[in-house]
Protein chains: 2
Amino acid sequence: MTRPGLGRERARTLARTMERDIGLGHLAPGEWLKQVDLEARYGATRMEVRQALDRLVEKGLVKHLARRGYRVEDFDPERQAQIMEVRAILEAAAADQVIGLLDEATLAAMEVQAERFRANVLDGTVEEQEEANLEFHRLMLAPCPNRELVALLFDLRGRVPVAVTRRRNTVGLLQRAAEHHFEIIRLVRARDATGLARLMRVHNLTPKAPDVG
Amino acid sequence: MTRPGLGRERARTLARTMERDIGLGHLAPGEWLKQVDLEARYGATRMEVRQALDRLVEKGLVKHLARRGYRVEDFDPERQAQIMEVRAILEAAAADQVIGLLDEATLAAMEVQAERFRANVLDGTVEEQEEANLEFHRLMLAPCPNRELVALLFDLRGRVPVAVTRRRNTVGLLQRAAEHHFEIIRLVRARDATGLARLMRVHNLTPKAPDVG
DNA sequence: GGCTCCTGTATTGGCGCCAATTTATGTGCC
DNA sequence: GGCACATAAATTGGCGCCAATACAGGAGCC
């Protein structure tokens, strides 16, 4: 069944899966995460569930109450805003690092994702929107030589559940974010570093709806 | 013996202790971390050791080889430099946030630690240097409203083992870092935001000896 | 009727055992 | 003497059991 040494890896992926489910709201804030339920739901062993929960606690997505269990952390808007601010800072710095490294082929690929995101804003699930958005930024950060910076950015992304903040996003704000993507591409092509840094900040810190990054 | 629900907390503190021991070089890079040895050394149970190791793997301080064991990660200078760069970015941003919030009492306390650090550069253990250094920055970041930013900065601090990089630091470079501390205080008093941001960058990215932050 | 206490049930959490596998040791052979 | 192979020891890693504790439901009491 479970081959030796693979439990670690399985727990890892389980944690990622649960992280996404929390982000998408399938596991609602305040909800109790009973170990037996999680075993059944994800087809995992008890130990894998425990390790995954432990990681999510470490990331601040899940709260642990001794002898009571685990529950999905309810999201303090202020804390979320702080995380978004950190993201904005790093995203601006990362943009500065890749502005001279993005070739035309990558920019074209980014444009495709920008189109996809814009289309999904109107008629598309949150998952589809998020996939396009994620891929856009993944492409953009791919040439960044500082892998730690990139890894940290994606880690921070996982700490801000889309479902929660996206709830506050009107279609208008999402459209604005969609247009940002095209503007980003334009500024990279123009090699306008200061303009890009400013836009990355705005893109991450859209007033009262800080999530679409 | 072990009271219920405390295992988690103990594993947490054990991870922190081991993290410091790795940072100080008491656990050398490449060294095998046998679970029985760790049990004996830290007076912990098997499970606590496992959880602690798991966390250190997650942080990138320890490498796990299936069915072989855990060993202290040997530190890629490039990766370290990347982490230091992230720290420099965030430290500059944090400085900008606290420059208007630091009162004279705190600045005086910082000055004490700056003196302590300078003294320990000449005759003092690495531990003493690091304690003064840490306290200086702790005081400086205390009024920062973005707690996530501060938490992340201290987390990043733990990922760069002082012993390893400090090895490259000549006394001259350490003294330069010590003077930086006084310069930081001066710039905060003068409310020179741009100068402070620049200095925080330099302070973190001292050429070829990027560790003293 | 409502409050309290008590019992039964569900859930978590730690501990120990044992299998799988790797490393070290010793023996025979070339 | 050195190499290959078999055997023994050591180590990790997963699984299951059971104690400790919290929660739910019901009975008894005021």
Side-chain angles (χ1 to χ4, degrees), chain A residues 1-19 21-22 26-74, chain B residues 1-19 21-22 26-74:
Chain A
M1 275 287 178
T2 39
R3 230 115 58 227
L6 292 220
R8 283 290 193 298
E9 201 54 42
R10 302 236 322 170
R12 228 188 165 76
T13 53
L14 175 58
R16 268 201 293 272
T17 306
M18 287 182 64
E19 183 179 320
D21 281 353
I22 291 172
H26 288 139
L27 298 173
E31 185 175 345
W32 284 103
L33 299 173
K34 285 192 283 191
Q35 298 181 5
V36 273
D37 294 355
L38 297 175
E39 284 182 63
R41 176 168 190 166
Y42 296 104
T45 71
R46 170 69 53 114
M47 232 186 64
E48 286 161 0
V49 167
R50 283 192 197 175
Q51 288 185 351
L53 285 170
D54 210 42
R55 289 204 177 122
L56 295 176
V57 169
E58 218 59 26
K59 282 201 174 188
L61 288 170
V62 166
K63 188 170 187 179
H64 172 67
L65 295 92
R67 295 279 175 195
R68 307 261 331 273
Y70 299 83
R71 59 161 55 182
V72 180
E73 189 81 74
D74 38 23
Chain B
M1 277 285 180
T2 40
R3 234 111 61 223
L6 292 219
R8 281 292 194 294
E9 201 55 42
R10 303 237 318 170
R12 230 188 162 76
T13 52
L14 175 58
R16 268 200 294 270
T17 305
M18 289 182 63
E19 183 179 320
D21 281 352
I22 291 172
H26 288 141
L27 298 173
E31 186 175 343
W32 284 103
L33 298 173
K34 284 192 284 192
Q35 297 181 6
V36 272
D37 294 355
L38 298 175
E39 284 182 63
R41 176 168 190 165
Y42 297 104
T45 71
R46 170 70 54 116
M47 232 184 66
E48 286 161 1
V49 168
R50 285 191 197 177
Q51 288 185 353
L53 284 170
D54 210 43
R55 290 210 174 116
L56 295 177
V57 168
E58 218 61 26
K59 281 200 176 191
L61 288 170
V62 165
K63 188 170 186 179
H64 172 66
L65 295 92
R67 294 279 175 196
R68 307 263 330 272
Y70 300 83
R71 58 161 54 181
V72 180
E73 189 83 71
D74 37 25

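Each chain gets a letter, A, B and so on, in the order its sequence line appears, and its residues count up from 1. Just so you know, these numbers use all the heavy atoms, side chains as well, and skip hydrogens, waters and symmetry mates.
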ask   = B:H64 side chain N/O closer than 4.0 Å to the phosphate oxygens (OP1, OP2) of D:dT12?
value = no
ask   = Charged N to carboxylate O below 4.0 Å: is that the case for B:D74 and B:K63?
value = no
ask   = Tell me: CE of B:M47 to P of C:dC15, nearest whole Å?
value = 7 Å
note = With the side chain defined as heavy atoms from C-beta on, B:R8 is closest, among D:dC15, D:dG13, C:dG14, to C:dG14
ask   = If we only count heavy atoms from C-beta on, is the A:R41 to A:D21 side-chain gap below 4.5 Å?
value = yes
message = Working to the nearest 0.5 angstrom, can you tell me the gap between B:E9 CD and B:R12 CZ?
response = 6.0 Å
query = Within the pair B:Q35 and D:dA10, is there a side-chain N or O less than 4.0 Å away from OP1 or OP2?
reply = no
Whole-Å distance separating the CZ atom of A:R71 from the P atom of C:dT11 = 15 Å
key: Closest to the B:K34 side chain, choosing from D:dC15, D:dT12, C:dG14   = D:dT12
note = Contacts of B:W32 and B:R50 projected onto DNA chain C by closest heavy atom; the upstream (5') one is B:R50
message = Below the 4.0 Å mark, does C:dT21 have OP1 or OP2 next to a side-chain nitrogen or oxygen of B:R68?
response = no
request  = Rounded off to whole Å, could you give me the OH-to-C1' distance for the A:Y70 and D:dA22 pair?
outcome  = 15 Å
request  = Would you please test B:R8 and A:H64 for side-chain contact (heavy atoms from CB on, under 4.5 Å) and show each step?
outcome  = CA-CA 10 Å; B:R8 281 292 194 294; A:H64 172 67; 4.2 Å; yes
Gap between atoms CG and P, on A:L38 and C:dA10 respectively (whole Å) = 18 Å
Rounded interatomic separation in angstrom, taking CG from A:L65 and C1' from C:dG13 = 14 Å
query = Atom CZ of B:R12 and atom P of C:dG13: how far apart are they, to the nearest Å?
reply = 14 Å
message = Please report the distance, rounded to the nearest Å, between CD in B:E39 and C1' in C:dG16.
response = 12 Å
key: Rounded distance (nearest 0.5 Å) linking atom CZ of B:R55 with atom CD of B:Q51   = 6.0 Å
query = To the nearest angstrom, how far is B:D54 atom CG from D:dT12 atom P?
reply = 14 Å
ask   = Side chain of A:R46, base of D:dG16: donor and acceptor closer than 3.5 Å?
value = no
ask   = Between the side-chain atoms of A:R67 and the base atoms of C:dT12, is any donor-acceptor pair under 3.5 Å?
value = yes
